[in-house]
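Structure first, commentary second.
Residue numbers start from 1 in every chain, and the chains themselves are labelled A, B, ... in the order their sequence lines are given, proteins ahead of strands.
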Number of protein chains: 2
Amino acid sequence: MRIEDEIKQPLFQDEHQKAHINLVYTAGWLQLRQAIAFKPFGLTLPQFNILRILRGQHPLPATVALLIDRMLDKTSNASRIVDRLEEKALVTRTVCPANRRAVDIRITQAGMDLLNRIEEAGIARCHGMSLLSAEEAHQLNTLLDKIRDED
Amino acid sequence: MRIEDEIKQPLFQDEHQKAHINLVYTAGWLQLRQAIAFKPFGLTLPQFNILRILRGQHPLPATVALLIDRMLDKTSNASRIVDRLEEKALVTRTVCPANRRAVDIRITQAGMDLLNRIEEAGIARCHGMSLLSAEEAHQLNTLLDKIRDED
DNA sequence: CAACATTAAATGTACCTACATAAATTTGCA
DNA sequence: TGCAAATTTATGTAGGTACATTTAATGTTG
């Protein structure tokens with residue numbers, strides 16, 4: 001469906017404004033679908049992403065600072081997301097012996113098992129993007145990188 | 001900056017997964033910049049968007065249902081966003097005489113003035129997108145629409 | 001060494017989404 | 001008419017972002 005019809009706004013100032021709105025709308029569309037897919041596993045998207053980072057580190061621990069560094073959303077509150085994972089016994093938190101200000105965060109076996117079950121279910125695959133050819137996906141990457149070029 | 005470097009993940013499964021992450025990341029990047037621009041005016045992005053819809057309706061009122069219909073984020077809670085705008089006296093809420101279940105929401109003069117000041121400041125223009133040519137913006141729109149085609 | 005600055009994480013606040021449910025009103029129909 | 005169903009908004013709860021502040025531990029420096 002064209003973006004015009006999705007949000008019932010028939011005219012945009014120009015192709016740039018339309019692309020801006022389309023980009024934000026489409027990202028939200030993708031994230032909503034992913035969130036719904038994760039719901040049966042009792043995970044939110046940020047929780048899933050942190051679990052994956054922890055698995056990538058395993059058997060080494062991660063600190064909160066490392067999680068923030070690796071996360072898509074740098075300003076999110078990793079500390080409180082880890083709270084929820086800890087409540088569900090998917091991660092452990094221990095004071096780092098080498099630097100007692102820091103906290104060592106590790107994925108548990110239960111966390112590993114959950115990630116495996118999610119991946120076996122094929123949930124983590126990129127829904128939606130499958131309608132693009134590899135060439136189109138590459139084109140999209142190029143355009144997106146260009147948008148952020150002033151960074 | 002390439003998305004690989006932004007999130008310190010050197011390798012992706014394929015161009016599709018990369019495009020997915022790139023899309024979500026870039027949308028967040030754009031929205032954060034917009035949110036920062038609105039902050040001096042005491043508005044959040046959803047509040048600004050609702051104010052614009054109300055101006056589009058003016059002098060007719062809008063109902064909550066109409067706002068939801070026009071918003072990018074269909075599942076957002078328009079009712080509570082209107083709460084905040086009402087507290088700031090940027091909108092009014094009156095029971096709709098024709099249908100007393102519904103609520104007539106109208107932008108106030110203060111709301112109009114605020115929108116004008118924001119637009120004079122050029123805040124609402126599409127940051128970032130300006131680095132794309134019109135042709136590229138069009139290409140981007142085509143790709144994004146295609147992603148959501150299974151809708 | 002003591003005082004101060006810096007760092008790492010946690011916490012508080014405001015506002016947001018997502019979703020379920022409640023409350024009030026209107027509509028439809030036996 | 002009367003009552004159930006549908007509609008419209010508001011509210012409750014869980015979890016998220018954004019940002020300022022606090023707390024504890026570590027570095028640094030006179």
Side-chain angles (χ1 to χ4, degrees), chain A residues 24-25 27-51 61-69 71-88 90-105, chain B residues 24-25 27-51 61-69 71-88 90-105:
Chain A
V24 169
Y25 181 83
W29 184 90
L30 279 172
Q31 287 186 287
L32 180 57
R33 294 167 72 88
Q34 270 212 304
I36 289 170
F38 282 121
K39 190 152 297 173
F41 298 93
L43 279 189
T44 65
L45 213 46
Q47 287 169 15
F48 173 73
N49 285 327
I50 282 192
L51 268 192
T63 61
V64 168
L66 182 142
L67 293 178
I68 292 172
D69 192 50
M71 281 168 71
L72 282 192
D73 209 325
K74 306 295 185 201
T75 67
S76 94
N77 208 321
S79 190
R80 275 181 281 221
I81 298 174
V82 171
D83 284 350
R84 312 238 153 75
L85 292 172
E86 197 183 14
E87 284 163 17
K88 288 182 268 204
L90 301 174
V91 309
T92 60
R93 248 200 284 227
T94 54
V95 171
C96 171
N99 179 353
R100 303 201 7 229
R101 285 171 302 189
V103 168
D104 281 344
I105 303 162
Chain B
V24 169
Y25 182 81
W29 184 89
L30 279 171
Q31 288 186 286
L32 180 56
R33 294 166 71 89
Q34 270 212 303
I36 288 169
F38 283 121
K39 191 152 297 174
F41 297 93
L43 278 190
T44 65
L45 213 46
Q47 287 169 17
F48 174 73
N49 286 326
I50 282 192
L51 268 193
T63 62
V64 168
L66 182 142
L67 293 179
I68 292 173
D69 193 50
M71 281 169 72
L72 282 193
D73 210 325
K74 306 295 185 200
T75 66
S76 94
N77 209 321
S79 189
R80 274 180 281 223
I81 298 174
V82 171
D83 285 349
R84 311 240 153 74
L85 293 172
E86 197 183 15
E87 284 164 17
K88 287 182 269 204
L90 301 174
V91 309
T92 60
R93 248 201 284 228
T94 54
V95 171
C96 171
N99 178 353
R100 303 199 10 229
R101 285 170 303 190
V103 169
D104 281 344
I105 303 161

Please set out all donor-acceptor pairs under 3.5 angstrom arising from side-chain atoms of residues 79-86 of chain A, sequence neighbours excluded.
{"unit_1": "A/Asp83", "atom_1": "OD1", "unit_2": "A/Arg93", "atom_2": "NH2", "d": "2.2"}
{"unit_1": "A/Glu86", "atom_1": "OE1", "unit_2": "A/Arg93", "atom_2": "NE", "d": "3.2"}
{"unit_1": "A/Glu86", "atom_1": "OE1", "unit_2": "A/Arg93", "atom_2": "NH2", "d": "3.1"}

Side chains of B/Thr63 and B/Val103 in contact at under 4.5 Å (non-hydrogen atoms): no
Protein-nucleotide distance (A/Lys74, atom NZ; D/dC19, atom C1'), rounded to Å: 18 Å
For atom CG of B/Asp83 and atom P of D/dT9, their distance in whole Å: 13 Å
Which atom of B/Ile105 lies closest to which atom of B/Leu67, heavy atoms considered: CD1-CD1, 3.9 Å
Length of the line joining B/Phe38:CZ and D/dC19:C1', which is rounded to integer Å: 19 Å
Consecutive-pair stems (3 or more, Watson-Crick or G-U, under 3.5 Å) for DNA chain C: C:1-30 with D:1-30
Residue mapping more 5' on DNA chain C - nearest nucleotide basis, A/Ser79 or A/Ile36: A/Ser79
Those residues that, when tested against B/Ile68, pass side-chain contact (heavy atoms from CB on, under 4.5 Å) (two or more places apart): B/Val64, B/Ala78
Under 3.5 Å, which donor-acceptor pairs link side chains of residues 39-49 of chain A to any protein atom two or more places apart or in another chain?
{"unit_1": "A/Thr44", "atom_1": "OG1", "unit_2": "A/Gln47", "atom_2": "N", "d": "3.3"}
{"unit_1": "A/Gln47", "atom_1": "OE1", "unit_2": "A/Thr44", "atom_2": "N", "d": "3.3"}
{"unit_1": "A/Gln47", "atom_1": "OE1", "unit_2": "A/Lys88", "atom_2": "NZ", "d": "2.7"}
{"unit_1": "A/Asn49", "atom_1": "OD1", "unit_2": "A/Arg52", "atom_2": "NH2", "d": "3.3"}
{"unit_1": "A/Asn49", "atom_1": "ND2", "unit_2": "A/Leu45", "atom_2": "O", "d": "3.3"}

Whole-Å distance separating the NZ atom of A/Lys39 from the C1' atom of C/dT17: 10 Å
Nearest-0.5 Å distance that lies between atom OH in B/Tyr25 and atom NZ in A/Lys74: 5.5 Å
Whole-Å gap separating P (C/dT17) and OH (A/Tyr25): 14 Å
For B/Asp104, side chain to side chain donor-acceptor pair (under 3.5 Å) partners two or more places apart: none
With the criterion being N/O to N/O and under 3.5 Å, what pairs connect the protein with nucleotides 12-16 of chain C, and how long is each?
{"unit_1": "C/dG12", "atom_1": "N7", "unit_2": "A/Arg80", "atom_2": "NH1", "d": "3.0"}
{"unit_1": "C/dG12", "atom_1": "O6", "unit_2": "A/Arg80", "atom_2": "NH2", "d": "2.3"}
{"unit_1": "C/dC16", "atom_1": "OP1", "unit_2": "B/Thr44", "atom_2": "OG1", "d": "2.5"}
{"unit_1": "C/dC16", "atom_1": "OP1", "unit_2": "B/Gln47", "atom_2": "NE2", "d": "3.0"}
{"unit_1": "C/dC16", "atom_1": "OP2", "unit_2": "B/Arg84", "atom_2": "NH1", "d": "2.5"}

Distance in angstrom units between A/Ile50 CD1 and D/dG15 C1', rounded: 13 Å
Near-strand residues of residues 93-104 of chain A, defined as heavy-atom separation under 4.0 angstrom from DNA chain D: A/Asn99, A/Arg100, A/Arg101
Atom pair distance, as rounded to whole Å: CZ in A/Phe48 and C1' in D/dG16: 17 Å
For B/Asp69, all residues meeting side-chain contact (heavy atoms from CB on, under 4.5 Å), sequence neighbours excluded: A/Lys8
d(CG, B/Asp69; P, D/dT7) in whole Å: 15 Å
